[in-house]
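Please read the structure below before turning to the comments.
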Amino acid sequence: MAERIVSLIDADTIAARVRELGKQIAEDYKGRNLVLVCVLKGSFVFTADLARAIESSTMRIEFLGVRSYGEGTSTSGVVQITQDLSRPIEGEDILIVEDIIDTGLTIAHLLDLFRTRKPASIKVCALLHKPARTRIEVPIDYLGFTIEDRFVIGYGLDWGEKYRNLESISVVESQ
Ligand code: 5GP
C-alpha cells in the first residue's frame, strides 16, 4: 500500500507558536538561572527554535540523551539515559524541553530523576500533547499544541529514525 505524508501543523503555524512560547518563558524567567534541557533526539529542532525565541543573556542549554523501551510506536516508560547533562543543576531553574507527551511516562521519569539533583525549580515545555493517551498525569507548564491520537512525524520527530527533517508536523496516511 502506498503512503502519503500529510501536513498537520505547518511551518508558519509552528514558528508563530514557538515565538509566543519563547516570549512567555523569557518573561517568566527574567533574572533567574534558566537551563533548557533538550531531550534528544526528538526535541532538537524545537529546542533550537525555542532557544532563539527566548531573549536571555544568561540561559544555558543542556542535552539529555534518552532511550525509551517500548513496543512499536508506544513506550513502556522504561527510560535509559544514554547521555547525561554536562554539569550539575543544583540551584538552577530547569525547563525540560520535550517534543511530545504521549503516555506521560517518559517525562514523569525525567522529573523524578532531576528532582534528586536539587534544582531551584523544574518545569516542562512540550511542543505537542496527546491527552487521549495519558497514562500518568504530568504538569505541562508550556505547551505548543494539543493533538489527537495520531502518530506524528517531522520537526524533529521520527519514524524509524527518518523524517526528522520535515518542516511541518505531519502524519503518514495509507492510500
Ligand atoms: P511518552 O513516554 O509520553 O509515552 O512518550 C514520549 C516519547 O515517545 C516522545 O518523546 C517521543 O519520542 C515518542 N512519541 C510519542 N508519540 C509519538 C508520535 O506521535 N510520533 C513520534 N515520532 N514519536 C512519538
Side-chain angles (χ1 to χ4, degrees), residues 8-9 14 17-18 20-22 24-25 28-29 32-51 54 60-86 88-161 163-164 169-172:
L8 197 65
I9 307 172
I14 300 170
R17 186 73 189 114
V18 171
E20 285 173 0
L21 289 173
Q24 184 66 54
I25 292 166
D28 294 352
Y29 284 89
R32 295 171 53 193
N33 304 318
L34 175 59
V35 181
L36 289 191
V37 175
C38 170
V39 183
L40 297 170
K41 297 179 187 171
S43 301
F44 82 104
V45 177
F46 178 39
T47 305
D49 285 346
L50 183 67
I54 300 172
R60 292 203 297 121
I61 305 174
E62 286 280 343
F63 299 90
L64 184 78
V66 161
R67 184 182 298 140
S68 44
Y69 293 104
E71 292 153 28
T73 55
S74 183
T75 177
S76 63
V78 180
V79 178
Q80 185 196 353
I81 305 299
T82 56
Q83 181 190 317
D84 207 341
L85 308 181
S86 69
I89 54 171
E90 189 169 345
E92 294 189 290
D93 295 297
I94 303 305
L95 184 58
I96 304 178
V97 182
E98 258 287 29
D99 49 359
I100 183 163
I101 296 181
D102 187 35
T103 61
L105 293 168
T106 303
I107 198 74
H109 178 90
L110 296 183
L111 285 168
D112 283 349
L113 171 73
F114 285 154
R115 280 193 190 112
T116 65
R117 301 183 183 184
K118 302 187 170 44
S121 70
I122 180 157
K123 287 190 175 182
V124 173
C125 176
L127 177 66
L128 301 168
H129 181 217
K130 278 191 217 171
R133 304 242 321 153
T134 301
R135 281 174 59 191
I136 182 165
E137 291 283 350
V138 283
I140 307 175
D141 303 282
Y142 303 95
L143 176 63
F145 306 93
T146 298
I147 58 167
E148 53 184 86
D149 184 9
R150 300 187 72 182
F151 189 78
V152 289
I153 55 172
Y155 198 70
L157 288 145
D158 75 313
W159 184 28
E161 289 300 326
Y163 298 112
R164 294 192 195 274
I169 295 162
S170 307
V171 289
V172 183

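Hydrogens, waters and symmetry mates are skipped; everything else that's a heavy atom, side chains included, is used.
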Student check: side-chain heavy atoms of [X] and [Y] closer than 4.5 Å:
X: Ile96; Y: Ile107; result: yes
X: Leu95; Y: Cys125; result: yes
X: Ile25; Y: Leu50; result: yes
X: Leu36; Y: Ile94; result: no
X: Leu85; Y: Val37; result: yes
X: Leu127; Y: Ile100; result: no
X: Leu128; Y: Ile101; result: no

Grab the two heavy atoms, one from [X] and one from [Y], that are nearest each other, plus how far apart they are.
X: Arg164; Y: Phe44; answer: CD-CE2, 3.9 Å
X: Phe46; Y: Val18; answer: CE1-CG2, 3.9 Å
X: Gly91; Y: Asn33; answer: O-ND2, 4.2 Å

TODO: Could you check Tyr163 against Asp158 for side-chain contact (heavy atoms from CB on, under 4.5 Å), going step by step and ending with a plain yes or no?
DONE: CA-CA 5 Å; Tyr163 298 112; Asp158 75 313; over 6 Å; no
Report, one line per pair, each donor and acceptor closer than 3.5 Å where one atom sits in a side chain of residues 139-154; sequence neighbours left out.
unit_1: Asp141; atom_1: OD2; unit_2: Val124; atom_2: N; d: 2.8
unit_1: Tyr142; atom_1: OH; unit_2: Asp28; atom_2: OD2; d: 2.6
unit_1: Arg150; atom_1: NH2; unit_2: Glu173; atom_2: OE2; d: 3.2

Task: Set of side chain to side chain contact (heavy atoms under 4.5 Å, CB included) partners for Ile136, sequence neighbours left out - done: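 In terms of side chain to side chain contact (heavy atoms under 4.5 Å, CB included), with neighbours along the sequence ignored, Ile136 is linked to Leu105, Ala108.
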- [ ] Evaluate the side-chain contact (heavy atoms from CB on, under 4.5 Å) criterion for residues Ile81 and Leu64: first the C-alpha distance (whole Å), next the side-chain angles of each, then the deciding distance (0.1 Å), finally the verdict.
- [x] CA-CA 7 Å; Ile81 305 299; Leu64 184 78; 4.0 Å; yes
Task: N/O donor-acceptor pair under 3.5 Å between Ser43 side chain and Asp99 backbone - done: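 Yes, because the side chain of Ser43 sits within donor-acceptor range (under 3.5 Å) of the backbone of Asp99.
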TODO: Give a yes or no answer on whether the side chain of Thr103 reaches the backbone of Arg135 with a donor-acceptor pair at less than 3.5 Å.
DONE: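 Between the backbone of Arg135 and the side chain of Thr103 there is no qualifying donor-acceptor contact (under 3.5 Å).
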TODO: Hey, could you give me each pair passing salt bridge (Lys or Arg N to Asp or Glu O under 4.0 Å) that has a residue in residues 35-51? Not counting sequence neighbours.
DONE: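 Found Lys41-Glu161, Asp49-Arg52.
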Open item on the list: Using side-chain contact (heavy atoms from CB on, under 4.5 Å), reason through Leu40 and Gln83 one step at a time and then give a plain yes or no.
Closed with: CA-CA 9 Å; Leu40 297 170; Gln83 181 190 317; 4.2 Å; yes
Open item on the list: Test of understanding: with side-chain hydrogen bond (donor to acceptor under 3.5 Å, both in side chains), list the residues that count as partners of Glu62, not counting sequence neighbours.
Closed with: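 Glu62: side-chain hydrogen bond (donor to acceptor under 3.5 Å, both in side chains) contacts with Arg60, Ser86.
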Solution key, residues 115-122 side-chain donor-acceptor pairs under 3.5 Å, sequence neighbours excluded:
unit_1: Thr116; atom_1: OG1; unit_2: Leu113; atom_2: O; d: 2.5
unit_1: Arg117; atom_1: NH1; unit_2: Asp84; atom_2: OD1; d: 3.0
unit_1: Arg117; atom_1: NH2; unit_2: Asp84; atom_2: OD1; d: 3.3
unit_1: Arg117; atom_1: NH2; unit_2: Asp84; atom_2: OD2; d: 2.8
unit_1: Ser121; atom_1: OG; unit_2: Arg32; atom_2: NH2; d: 3.4
unit_1: Ser121; atom_1: OG; unit_2: Asp93; atom_2: OD1; d: 2.6

TODO: With sequence neighbours excluded, tell me which residues meet salt bridge (charged side-chain N to carboxylate O under 4.0 Å, His left out) with Lys123.
DONE: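 So Lys123 forms no salt bridge (charged side-chain N to carboxylate O under 4.0 Å, His left out) with any residue.
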Open item on the list: Rounded at 0.5 Å granularity, tell me how far CD in Glu92 sits from CZ in Phe114.
Closed with: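 Spacing of CD (Glu92) from CZ (Phe114) equals 11.5 Å.
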